[in-house]
J.: 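What follows is a structure written as structure tokens; I'll ask about it next.
In what follows, chains carry the letters A, B, and so on, assigned in the order in which the sequence lines appear, proteins first and then strands, with residues in each chain numbered from 1.
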Protein chains: 2
Amino acid sequence: MADLARELNVSMTTISRALSDHFSIGPAMKQKVLKLAKKYNYQPNHMASALRKGKSKLLGIVVPYIEGRFFPSVVHGIETAASKAGYNVIICQSNEDVAQERRNLDSLLSAQVAGVLVSLSRTTLDHKHFDKLRSRGLPLVYFDRVVEGDNVNTVVLDDREGGYLSTRHLIAQGCRHIAHLAGPQHLNIYKNRRQGYFDALREAGLPEDESMVVYTDMLQEQGAAGLRQLLALPTPPDAVFAAGDFCALGAMQEARRQGLRVPDDVAIAGFSNESFTLVAEPNITTVDQRCEEMGQAAVRLLLEVINSAGAAFSPRQVALRPELLVRASSLRPAPAATPVPKKVAVSRPKAVG
Amino acid sequence: MADLARELNVSMTTISRALSDHFSIGPAMKQKVLKLAKKYNYQPNHMASALRKGKSKLLGIVVPYIEGRFFPSVVHGIETAASKAGYNVIICQSNEDVAQERRNLDSLLSAQVAGVLVSLSRTTLDHKHFDKLRSRGLPLVYFDRVVEGDNVNTVVLDDREGGYLSTRHLIAQGCRHIAHLAGPQHLNIYKNRRQGYFDALREAGLPEDESMVVYTDMLQEQGAAGLRQLLALPTPPDAVFAAGDFCALGAMQEARRQGLRVPDDVAIAGFSNESFTLVAEPNITTVDQRCEEMGQAAVRLLLEVINSAGAAFSPRQVALRPELLVRASSLRPAPAATPVPKKVAVSRPKAVG
DNA sequence: TTGTACGCGTTATCAA
DNA sequence: TTGATAACGCGTACAA
């Protein structure tokens, strides 16, 4: 600060230059300043700097909530990547409420963040409120729960591929009547998981039967109820692909209540790699969502947009490749009785960015 | 901004007063300004305001990491409470590393936060680096992993009480040889859980036997190894109180591998209310840590310090009351054979703030 | 009730 | 290579 300038009999300009590693500064002077700064343990005021430069080192995050396995892990990835790049993160929760989401955006706007990372609330149907960011030129990246289209920056798991891999695995285990416990179809993630399920069935020449699909909100009880409903069909399923682990757990518990063996009588696969999938008996087959990678990819993309400052940046959509984790709940005792059907066009994974 | 002032032919001062609800402002004028502000959707610049007033609306959080059940839930509570009070939160991870923790503090200092909430890293042995905050008059509250002493603000779970309740419950179930899987004793939480365990034994007139305590890092495998070690004793335990759920899970799995029935042959209780405790078979008895309440209490305390601005504030230590969740893993078929010993002095819960 | 003038800490611009 | 000056957006004495 001014103290340093006085003590060294130079101007504040010189101090500023020394500290910010400006090119026009003598190495000798620079060392002197830095040394004295240490001694007084000078702490730069990011606010003043941001105010002057119009650029802060803050990123905003808006998530529906910070709980469960997914969002905390993504936030973990975001914070790690941001911190590495010299940014701090401000975190906001929308509590699955659009109105709150709107307030979050205003709040971040006021905090002068350099960019925003968003995962949409469940009740967000239109996204006019994000135009406010656009009009201020604030870089924006959606992750996981995204706005669809090619004029936005997004980072998602390739959920279709996840559903595809999972269902294909069940087919390879010899299952021929595979049911699906689906989630709310207005969310891209559940829509795509269902699509992957159908893609795998079609590829294997199995019927795409809507009566084998039960729509739920992915709750544990709904998984149980869903399976009950499916078992009452003329041809009950010999496998279930659930779009979420809680739902899969509910189904598995219900199966055992009904005296069925898992995976022998009915194989089960979930989605999300919740920690309890390794605790349940039998361990539940699931799909890992690469939470941390998603956070890091989102930050990487956001920083690219920020650093492209002005230079027209064409929006990018990144899809991460999911990982199928095969566990006991879907592993038939006499495995691979049926060879894996060979891939055809429809099975190609989407481009991975 | 200036635009509004020009449009209304008044000074910026007037605008400022209208927006900040100053007392000396005409209601008519105030309405006009607010209306125009909406129209232009004016967004206050918190940085400029903070710079001018020397007070920001930002709180800093430093946690070891954002994963698992505990920290995300506390952060959830913190963000909720802070947001309600008009604050935003900046979150930092120390990754269990003191050096990183130090950098986090510098970072928050530079961001001009109004106060800091900290849960210490595992490798933090001294805490001189927090003096830097003190010397700048920055309010500081520790939570969960705290500095001990009465000259700091802390919010913790009453871990001693948790250990006590858990052990007392096992005794009431008729168990007489109760072992303890303990955690690193330099962390207050594990030290206190162990203390509660001993308190309950003493109260019931049972021997306090160090050979029944195995020290671990609370990992699942260590729980299994710990139980193996205990079962090799001349008088093997008929119950185990583990200071963490992962450890309890490992012990339970090991018990079943050895052909023992849980809880009949050995009863098991854990700590933390991890979500898998409800998935494991049998469900695991555990202690809920009131994560969200902890976050909210920490924010409440921090805001008190902030608002006491200058007025000498005497540090406070808050302890939250834990909740014992009794599940099948510790519930003997013929329960309450032994009456609960009556409480004596040592069993009194500590004051709850 | 309103306006004027200045300063918070930093940096960009221009001149030396 | 360095210095003087103004400005970022807002809030607050003080005067009107």
J.: Residues two or more places apart in sequence or in another chain: which of them pass salt bridge (charged side-chain N to carboxylate O under 4.0 Å, His left out) with B:R6?
T.: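 With neighbours one apart ignored, the set is B:D3.
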
J.: Does OP1 or OP2 of C:dT1 have a side-chain N or O of B:S24 closer than 4.0 Å?
T.: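 For C:dT1, OP1/OP2 do not have a side-chain N/O of B:S24 under 4.0 Å.
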
J.: B:F23 has an atom CZ; how far is it from atom P of D:dG11, in whole Å?
T.: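 The answer, rounded to whole Å, is 15 Å.
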
J.: Does the side chain of B:H22 pick up a donor-acceptor pair with the side chain of B:S20 at under 3.5 Å?
T.: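 No, B:S20 and B:H22 have no side-chain donor paired with an acceptor closer than 3.5 Å.
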
J.: Taking five pairs at each end of the helix from C:dT1-D:dA16 to C:dA16-D:dT1, what angle separates the two helix axes (nearest 10°)?
T.: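 Computed angle between terminal axes is 40°.
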
J.: Would A:K132 and A:D106 satisfy side chain to side chain contact (heavy atoms under 4.5 Å, CB included), going step by step from the backbone distance to the final call?
T.: CA-CA 9 Å; A:K132 203 186 278 188; A:D106 283 344; 2.9 Å; yes

J.: Given atom NZ of A:K30 and atom C1' of D:dT2, what is their separation to the nearest angstrom?
T.: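 It works out to 16 Å between those atoms.
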
J.: Is the closest basic N to carboxylate O distance between B:E304 and B:R316 below 4.0 Å?
T.: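 Here B:E304 pairs with B:R316 in a salt bridge, since their nearest N and O are under 4.0 Å apart.
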
J.: Generate the contact string for nucleotides 7-16 of chain C. Rules: B means base contact, S means sugar-phosphate contact only, - means no protein heavy atom under 4.0 Å.
T.: BBBBBSBB--

J.: Nearest whole angstrom, please: distance from the P of D:dA4 to the CG of A:N9.
T.: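 Spelled out: CG on A:N9 to P on D:dA4 is 11 Å.
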
J.: For B:R103, is there any backbone N or O sitting under 3.5 Å from a side-chain donor or acceptor partner on B:S107?
T.: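 Such a contact is absent between B:S107 side chain and B:R103 backbone.
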
J.: What is the separation between atom CG on B:D21 and atom C1' on D:dC10, rounded to the nearest whole Å?
T.: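 About 17 Å, once rounded to whole Å.
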
J.: Looking only at heavy atoms, which two atoms of A:N153 and A:L140 are closest? And how far apart?
T.: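 Between these two residues, the closest heavy atoms are ND2-O, 3.3 Å.
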
J.: In whole Å, I'd like the distance from the CD atom of B:Q112 to the C1' atom of D:dC10.
T.: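 One finds 16 Å between C1' of D:dC10 and CD of B:Q112, rounded.
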
J.: Any base atoms under 4.0 Å from A:G26, or only sugar-phosphate, or nothing? Heavy atoms, all strands.
T.: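 Sugar-phosphate contact only.
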
J.: Nearest-Å distance, CD (A:Q31) to P (D:dT1)?
T.: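 Rounded to the whole Å, the gap is 15 Å.
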
J.: Please confirm whether the backbone N or O of A:V10 pairs with a side-chain atom of A:T14, one donor and one acceptor, at under 3.5 Å?
T.: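 Not confirmed, A:T14 side chain does not pair with A:V10 backbone.
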
J.: Take B:Q93 and B:Q100 through the side chain to side chain contact (heavy atoms under 4.5 Å, CB included) test and state the conclusion after the steps.
T.: CA-CA 8 Å; B:Q93 302 177 91; B:Q100 177 73 31; over 6 Å; no

J.: Specify the separation, in whole Å, of atom CG of A:L109 and atom P of D:dG9.
T.: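 That distance rounds to 14 Å.
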
J.: Say whether A:T124 and A:E101, considering side chains only, have a donor N or O and an acceptor N or O under 3.5 Å apart.
T.: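 The criterion, which ignores hydrogens and geometry beyond distance, is satisfied for A:E101 and A:T124.
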
